[in-house]
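Structure, as structure tokens:
Counting starts at 1 for both ligands and their atoms, following the listed order.
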Amino acid sequence: MTAAPVTVRVPAKVNVQLAVGGRRPDGFHDLANVFLAVGLYDEVTATAGAAGEGPVITASGPDVGSIPLDATNLAAKAALALAAHHGVAPDVRLHIVKDIPVAGGMAGGSADAAAALLACDTLWGLGTPREQLLAICAELGSDVPFSLVGGAALGEGRGEILTPLEVAGPFHWVFAVADGGLSTPAVYRECDRLRQESGGGDTVADVPAPAADPALLDALRTGDPYALAAVLVNDLQAAALSLRPALAGTLATGTDAGALAALVSGSGPTCAFLAPDADTAAKIAVTLAASGTCRSARPAASPAPGAAVVRTA
Ligand code: C5P
């Protein structure tokens, strides 16, 4: 058992393919979800808490006013789940330094959960095997296992069943951060509504089973941004645009500024732009930031490593 504070760094993600199948009886959607970790990071520091106080969450960074600091924060749930798994007291102070956009479709909340899990495991000296950590991640949320793993991976089921993918790179991205977030369940509901409205139906019986695109997996493996740009796809994009029509202007601005391709990141509202190189990414970011179509624009490269302990003092 170590009493020294433990800091874990954890990346954001972008979905380079988000193929959404029909709504299942449990309300989730079957996915073929190709995750790519990107170099925007949150840090979570775990410090021993006072006996009986449970997880205590604090946070700093832009927009932390909109994240819950109580037991509903996914990082607190991660600490409670790990403590319950081992039958230890969940007393821990978790400080989150947030750089990943909040409710932005970049798995920021999931990242904090994965980071908290790893930080508590180290602080409490538990040495939980990787498979058990991944199982706890999957209980916490569909995107949480990927935040632990990083790199690139195909997520099937509701996104939690991961197969690591070979990925070269670097791929150079720009992320246009919007004012305000979008609720993931609301975006999935809108996707269902649009499918019903178009007459096709929205259940697993109506929608073809999602599958990873072999051309996209090839593009990741070879690290070719032009090939990747040609196959980027997000089945939630129409729903995100329906809820936030102004995002169409953001996407067009980045494309006009030289992006090879543009898409909404996950459930949005962050928009992702793939650039041919780092210089062009920097120029696209400047154009987007000046355009008034987003609040800020962040260049970042991928792949990035998964959650990892970076400091233990
Ligand atoms: O798993 P997670 O808690 O991140 O999911 C949040 C919400 O997103 C779910 O309650 C559900 O409404 C929606 N979702 C879905 N299908 C998935 C993943 C998430 O419908 N595969």
Side-chain angles (χ1 to χ4, degrees), residues 10-37 42 66-68 70-81 96 100-117 133-149 153-163 181-196 200-212 233-240 242-244 264-270 306-307:
V10 64
K13 60 85 182 164
V14 62
N15 308 87
V16 287
Q17 181 186 1
L18 184 43
V20 179
R23 187 169 38 82
R24 313 190 310 201
D26 66 1
F28 285 90
H29 296 72
D30 277 328
L31 303 179
N33 189 353
V34 182
F35 293 104
L36 184 60
D42 281 359
S66 56
I67 66 170
D70 59 10
T72 63
N73 188 298
L74 215 48
K77 289 185 182 173
L80 289 168
I96 304 169
I100 302 174
V102 175
M106 298 191 74
S110 300
D112 298 345
L117 196 64
L133 285 179
L134 285 169
I136 297 171
C137 286
E139 283 167 26
L140 292 166
S142 307
D143 289 351
V144 182
F146 179 71
S147 297
L148 191 66
V149 169
L154 170 63
E156 295 175 288
R158 60 185 167 84
E160 87 286 17
I161 304 166
L162 292 183
T163 307
L182 272 177
S183 144
T184 302
V187 175
Y188 274 101
R189 273 198 304 275
E190 181 66 1
C191 175
D192 293 344
R193 194 190 67 77
L194 292 173
R195 283 173 170 174
Q196 288 161 11
D202 68 320
T203 71
V204 279
D206 307 313
V207 182
V233 62
N234 178 1
D235 286 353
L236 290 180
Q237 180 157 319
S242 170
L243 295 175
R244 199 68 80 77
V264 170
S265 179
S267 55
T270 304

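- Put simply, the residue from L31, V233, D235 that forms a side-chain contact (heavy atoms from CB on, under 4.5 Å) with L18 is L31.
- Residue contacts with ligand 1 for Y188 involve side-chain atoms from C-beta outward but no N, CA, C or O (heavy atoms, distance under 4.0 Å).
- No hydrogens or angles considered: nothing links the side chains of S142 and E160 as a donor-acceptor pair under 3.5 Å.
- Salt-bridge check for R24 with D30: passed, with a basic side-chain N closer than 4.0 Å to an acidic carboxylate O.
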Open item on the list: Pair L162, F35 - check side-chain contact (heavy atoms from CB on, under 4.5 Å), show working.
Closed with: CA-CA 9 Å; L162 292 183; F35 293 104; 3.9 Å; yes
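- The nearest protein atom to atom 3 (O) of ligand 1, hydrogens excluded, is given as G141 CA, 4.1 Å; this is a heavy-atom distance.
- Using a 4.0 Å cut-off to heavy atoms of T184, the atoms of ligand 1 that qualify are 8 (O).
- At the shortest separation from atom 5 (O) of ligand 1 among protein heavy atoms lies F28 CE2, 3.9 Å.
- For the pair G159 and ligand 1, no heavy-atom separation below 4.0 Å is found.
- If you check each of R189, H29, E156 against atom 16 (N) of ligand 1, the one with the closest non-hydrogen atom is H29.
- Counting atoms of ligand 1 from 1 in the listed order, those under 4.0 Å from a heavy atom of P185 are 7 (C), 12 (O).
- The closest side-chain donor-acceptor pair between H29 and D192 falls under 3.5 angstrom.
- Checked by distance only, ligand 1 and S142 come closer than 3.5 Å through their nitrogen or oxygen atoms.
- Within ligand 1, counting atoms from 1 as listed, the ones closer than 4.0 Å to a heavy atom of R158 are 1 (O), 17 (C), 18 (C), 21 (N).
- Set against the non-hydrogen atoms of G27, the atoms of ligand 1 under 4.0 Å away are 20 (O).
- Judged purely by distance below 3.5 Å, without hydrogens or angles, the side chains of T203 and R23 never pair a donor atom with an acceptor atom.
- Contact annotation: D143 has no heavy atom less than 4.0 Å from any atom of ligand 1.
- Of the possible donor and acceptor atoms, none in the side chain of S265 sits under 3.5 Å from a partner among the backbone N and O of G268.
- Here the side chain of N15 pairs no donor or acceptor atom with the backbone of N33 at under 3.5 angstrom.
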